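Structure record follows, encoded as structure tokens.
It should be emphasised that the depicted structure is a prediction, and the values quoted were computed from it without experimental measurement. Per chain, numbering begins at 1; letters A, B, ... match sequence-line order.
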Amino acid sequence: MNLNQLLKSKIEEAISSLFNTSAGNSQLQPTNPEFEGSHTLVCFPLTKVSKKKPEETAALIGQWLVDNTDLVDRYNVVKGFLNLVLDDKVWVKVFQDILNEEDYGVVPATGEEIMVEYSSPNTNKPLHLGHLRNNFLGWSVASIYEANGYKVHRVQIINDRGIHICKSMAAWKLFGNGETPESSGLKGDKLVGKYYVEFDKACKKEVADLIAQGMDKEQAEKNAPIMKQAVDMLQKWEQKDADTISLWKTMNGWVYDGFDVTYKQMGVHFDKLYFESETYLLGKEEVLKGVEEGVFYKKADGSVWVDLTEDGLDEKVLLRSDGTSVYMTQDIGTAMLRFRDFPNISRQVYTVGNEQEYHFKVLFLILAKLGYAWAKECYHLSYGMVDLPSGKMKSREGTVVDADDLMAEMIGEAEKQTRELGKIDEMDQDEASALFEMIGIGALKFYLLKVDPKKRMMFNPNESIQLQGHTGPFIQYTHARIRSIVRKAATMDIGSGLANIDSLLPNEQKLISFLSIYPDRLQDAARDYSPSIIANYAYDLAKEYNQFYQAIPIFSESDKQKLSLRVALSEKVGEVLRKAMGLLGVVVPERM
RNA sequence: GGUCCGGUAGCUCAACUGGAUAGAGCAUCAGCCUUCUAAGCUGAGGGUUCGGGGUUCGAGUCCCUGCCGGAUCACCA
């Protein structure tokens with residue numbers, strides 16, 4: 001039983017013994033720093049059963065706890081708030097329990113199994129800042145679930161087919177002169193992206209020409225020769241034309257090679273990849289089955305629809321009148337395939353931007369209508385857009401922040417600042433460059449993950465590159481400091497017994513208190529699908545540790561037991577920081 | 001227009017799901033390196049939590065209403 005539960009049950013005892021009733025669940029909260037104590041009982045709701053003023057009620061309970069338990073050393077009452085000061089021995093015991101735990105904060109396997117999808121890019125252009133938030137989020141949520149005892153499958157669906165890739169193919173055929181990543185030295189995804197832009201430019205020009213010749217805009221967009229070529233390629237692709245398929249494979253291959261490099265730098269991976277080209281037909285089958293079963297209906301022109309008006313939504317098309325699939329059709333197929341591949345998963349988590357909230361609402365409803373029980377367990381991990389100081393990122397306006405460029409820039413800045421501080425004087429080349437990367441990528445991940453995922457966020461390049469304050473490097477630095485302490489302690493003869501310690505300094509008590517709530521934060525983060533809870537916890541813990549570090553010169557302590565406690569406390573804080581940051585995908589250094 | 005998000009210090013974000021005098025970082029100002037790493041610590045200034053009602057012992061948080069910003073409502077993905 002943890003400390004909070006123990007306290008609560010004692011409080012229940014106090015209430016039933018004092019007032020002859022049970023009060024249900026009592027409200028226990030952390031004590032405001034300006035008052036003495038660690039736990040505070042809010043007594044206003046108890047006046048109903050106590051029939052006394054809040055202050056009196058609080059005092060009675062406080063006194064009862066002092067008299068009848070060995071948890072509470074003393075108390076004070078401010079208005080209706082009962083502030084409890086626990087016996088220091090209780091805190092020492094709490095710490096001892098934490099030390100005794102095999103893998104603190106990690107829940108043993110529960111047997112539950114889920115799937116987390118993230119990234120899921122189109123294959124016609126490189127990854128950008130938005131993908132970074134997506135990948136870091138999905139990766140982190142997956143890790144958080146693992147730490148909560150779940151078995152997690154990390155997957156993505158790759159949008160490898162469709163008009164977008166055909167556009168790049170068409171432009172490459174027209175203007176490419178056989179250019180390859182090898183011949184040009186360009187990263188594969190960048191090369192294919194370049195031709196996507198080329199397509200857009202050429203198409204716009206042709207449309208303008210047609211309009212100048214008197215054609216209306218809509219017609220012109222359809223009849224631009226390059227657009228016709230792209231559409232033609234899409235049709236040929238669906239008919240499995242050998243040349244088209246071959247080019248498609250080649251260009252997608254370039255993109256995957258490029259993505260691999262980016263994912264590696266991001267530090268994410270996937271257990272299994274799904275490709276739209278392999279799932280869209282399954283979705284189509286399922287939709288046709290649904291028509292037979294009367295779940296969906298066919299209109300006169302042959303298009304297939306689902307009626308969601310009873311659920312407060314609209315009618316939604318599932319197959320075009322020409323029989324081809326839409327986005328929704330594919331997602332139905334993908335979802336089914338995944339549950340077929342992994343029959344034990346109880347839930348799928350989709351990490352996709354909030355502009356697709358409606359889409360997922362509809363998807364889950366449809367899956368439920370098709371009779372799949374797991375549909376209601378599916379969750380759209382919806383996150384807000386990343387804005388730039390100049391406004392929204394727009395690929396057409398060239399304001400997109402490229403993922404590779406940004407990561408390289410962060411690492412470069414980390415190197416610059418680290419050198420300026422003279423931190424690498426005693427490091428060899430390998431350690432130094434590993435450190436630059438750790439700091440640069442760590443700063444970026446922390447910056448993107450510290451914000452509540454649901455919220456839209458601002459990405460200010462100057463600020464994100466900053467390495468002091470509420471940042472990843474601040475926490476990395478704290479970890480490095482701790483490791484330095486631990487290394488020094490290892491060369492000394494320090495015992496490990498805490499048994500006889502019966503008093504703590506406030507800084508020590510607060511640190512133990514912080515450590516003790518880590519498992520709660522871990523649960524909260526999973527419940528809310530929110531790495532920001534972990535990020536902010538790690539920051540608070542590091543902040544608290546630095547205060548302790550500054551206030552108490554550890555090695556000037558002559559009492560062996562106290563010295564031992566402080567070293568053990570430091571080491572444990574370091575370990576929790578490392579694990580918490582690990583859940584964000586951030587690696588922490590031994591020195592920096 | 002319908003639906004769904006959001007609006008907190010100059011800026012970027014918190015606030016343990018209804019609790020105490022709303023907290024951090026950045027920026028500004030003033031201190032702290034002979035002691036375990038100053039990427040740190042201490043202190044100061046900075047707020048009508050968008051406006052207006054309501055619910056109750058108590059509201060940034062819940063309800064109603066107005067204003068502002070965004071997303072979405074395709075035989076696009």
Side-chain angles (χ1 to χ4, degrees), chain A residues 27 29-35 40 42-45 47-48 54 78-81 83 120 122 159 162-164 276 299 301-305 312-314 316-328 330-331 353-359 361-362 382 384-385 387 389 392 414 417-418 420-421 423 439 443 447 450-452 454-460 462-464 466-471 473-478 480-489 517 520-521 524 528 532-533 536-537 539-540 542-543 545-547 549-556 566-567 570 591-592:
Chain A
Q27 285 182 51
Q29 64 187 41
T31 301
N32 209 314
E34 69 204 277
F35 303 111
T40 293
V42 184
C43 292
F44 299 100
T47 54
K48 284 197 186 77
V78 182
K79 292 191 246 177
F81 297 91
N83 301 320
S120 303
N122 287 352
N159 288 299
I163 191 70
H164 55 270
E276 224 172 69
K299 283 192 178 171
D301 62 3
S303 57
V304 173
W305 296 73
L313 305 174
D314 296 322
K316 195 86 192 164
V317 70
L318 297 178
L319 285 178
R320 298 191 185 95
S321 50
D322 63 3
T324 55
S325 302
V326 293
Y327 181 41
M328 187 65 72
Q330 295 160 179
D331 274 5
N354 63 7
E355 70 273 14
Q356 295 198 32
E357 269 169 14
Y358 185 76
H359 172 79
K361 213 185 252 178
V362 172
S382 163
M385 310 211 113
D387 284 322
K392 204 174 154 177
Q417 293 197 31
T418 305
E420 272 169 13
L421 289 170
K423 294 277 188 177
I439 295 172
Y447 187 88
K450 72 178 179 183
V451 180
D452 183 341
K454 292 193 294 289
K455 291 191 177 165
R456 194 186 182 93
M457 70 176 291
M458 170 71 73
F459 182 86
N460 187 322
N462 299 326
E463 202 179 291
S464 65
Q466 175 197 309
L467 309 178
Q468 291 90 25
H470 192 183
T471 66
F474 169 86
I475 298 166
Q476 292 172 318
Y477 175 70
T478 307
R481 269 184 154 176
I482 290 171
R483 296 308 299 166
S484 171
I485 299 251
V486 172
R487 279 194 299 273
K488 180 166 177 180
I517 60 170
D520 301 325
R521 286 294 103 87
D524 295 345
D528 293 350
S532 72
I533 289 173
N536 288 320
Y537 170 78
Y539 173 72
D540 291 339
K543 183 106 187 129
Y545 183 82
N546 279 320
Q547 285 167 16
Y549 179 93
Q550 213 85 28
I552 305 169
I554 293 176
F555 290 111
S556 61
R566 285 168 197 168
V567 170
S570 298
R591 58 189 106 225
M592 78 181 264

Residue-phosphate contact under 4.0 Å: A/K423 side-chain N/O, B/rA39 OP1/OP2: yes
With a 4.0 Å limit, can you tell me whether A/S556 has a side-chain N or O closer than that to the phosphate oxygens OP1/OP2 of B/rU35? no
Give the nucleotide from the list B/rA74, B/rG19, B/rC41 with an atom nearest to the side chain of A/V317. B/rA74
Among B/rA20, B/rA14, B/rG19, which nucleotide sits nearest the side chain of A/K455? B/rA14
What is the distance from CG of A/D331 to P of B/rC76, rounded to the nearest Å? 15 Å
Selection from B/rG40, B/rG19, B/rG7 that lies nearest to any side-chain heavy atom of A/P45: B/rG19
My understanding is that only residues two or more places apart in sequence, or in another chain, count here; which of them pass ring-ring contact (aromatic ring centres under 6.0 Å, His included) with A/Y549? none
What's the closest nucleotide to the A/I485 side chain, out of B/rC13, B/rC36, B/rA77? B/rC36
Going through the checks in order, is the side chain to side chain contact (heavy atoms under 4.5 Å, CB included) test met by A/K450 and A/Y539? CA-CA 9 Å; A/K450 72 178 179 183; A/Y539 173 72; over 6 Å; no
A/F44: which residues meet the ring-ring contact (aromatic ring centres under 6.0 Å, His included) condition with it, sequence neighbours left out? A/F81
Select one nucleotide: of B/rC13, B/rA20, B/rG40, the one nearest the side-chain heavy atoms of A/N83. B/rA20
Please enumerate all protein N or O atoms sitting under 3.5 Å from an N or O of nucleotides 71-73 of chain B, with distances to 0.1 Å.
{"residue": "B/rA71", "atom": "OP1", "partner": "A/K392", "partner atom": "NZ", "Å": "3.1"}
{"residue": "B/rC73", "atom": "O2'", "partner": "A/D314", "partner atom": "OD2", "Å": "2.8"}

A/Q547 side chain: which of B/rG19, B/rU42, B/rG40 is closest? B/rU42
For A/R483, salt bridge (Lys or Arg N to Asp or Glu O under 4.0 Å) partners two or more places apart: A/E590
Pairs under 3.5 angstrom, nitrogen or oxygen only, protein versus nucleotides 23-27 of chain B, please.
{"residue": "B/rA24", "atom": "O2'", "partner": "A/Y539", "partner atom": "OH", "Å": "2.9"}
{"residue": "B/rG25", "atom": "OP1", "partner": "A/K543", "partner atom": "NZ", "Å": "3.0"}
{"residue": "B/rG25", "atom": "O2'", "partner": "A/H470", "partner atom": "N", "Å": "3.1"}

Relative to its sugar, using the 90° cut-off around 0, the base of B/rC13 is anti
I want to verify a distance call: between B/rC41, B/rA20, B/rU37, whose nearest atom is closest to the A/T40 side chain? B/rA20
Should A/R591 be listed as having a side-chain N or O under 4.0 Å from OP1 or OP2 of B/rC36? no
Check this for me, if you would: do A/D452 and A/K454 make a salt bridge, where the nitrogen-to-carboxylate-oxygen distance has to be below 4.0 angstrom? yes
Please classify the glycosidic conformation of B/rU37 as syn (within 90° of 0) or anti (everything else). anti
Between B/rC67 and B/rA44, how far apart are the two P atoms, rounded to whole Å? 42 Å
Holding to side-chain contact (heavy atoms from CB on, under 4.5 Å), I want the full list of residues that pass it with A/Q550, two or more places apart in sequence or in another chain. A/R481
Would you mind classifying the nucleic acid contact of A/D540 as base, sugar-phosphate or nothing, using non-hydrogen atoms under 4.0 angstrom? nothing
From NZ of A/K79 over to C1' of B/rC57, roughly how many Å is that when rounded to an integer? 11 Å
What contact category does A/I439 fall into here, base, sugar-phosphate, or nothing, at under 4.0 angstrom with non-hydrogen atoms? base
Who passes ring-ring contact (aromatic ring centres under 6.0 Å, His included) against A/F35, sequence neighbours left out? none
Determine the contact category for A/V451: base if any of its heavy atoms lies under 4.0 Å from a base atom, sugar-phosphate if only primed atoms, P, OP1 or OP2 are that close, otherwise nothing. sugar-phosphate
side-chain contact (heavy atoms from CB on, under 4.5 Å) partners for A/K361, two or more places apart: A/L313
If only side-chain N and O atoms of A/R483 are considered, is one of them under 4.0 Å from the OP1 or OP2 phosphate oxygen of B/rC36? no
Taking the same atom, P, in B/rA22 and in B/rC26, what whole-Å distance lies between them? 22 Å
Results of ring-ring contact (aromatic ring centres under 6.0 Å, His included) for A/Y545 - residues two or more places apart only: A/F548
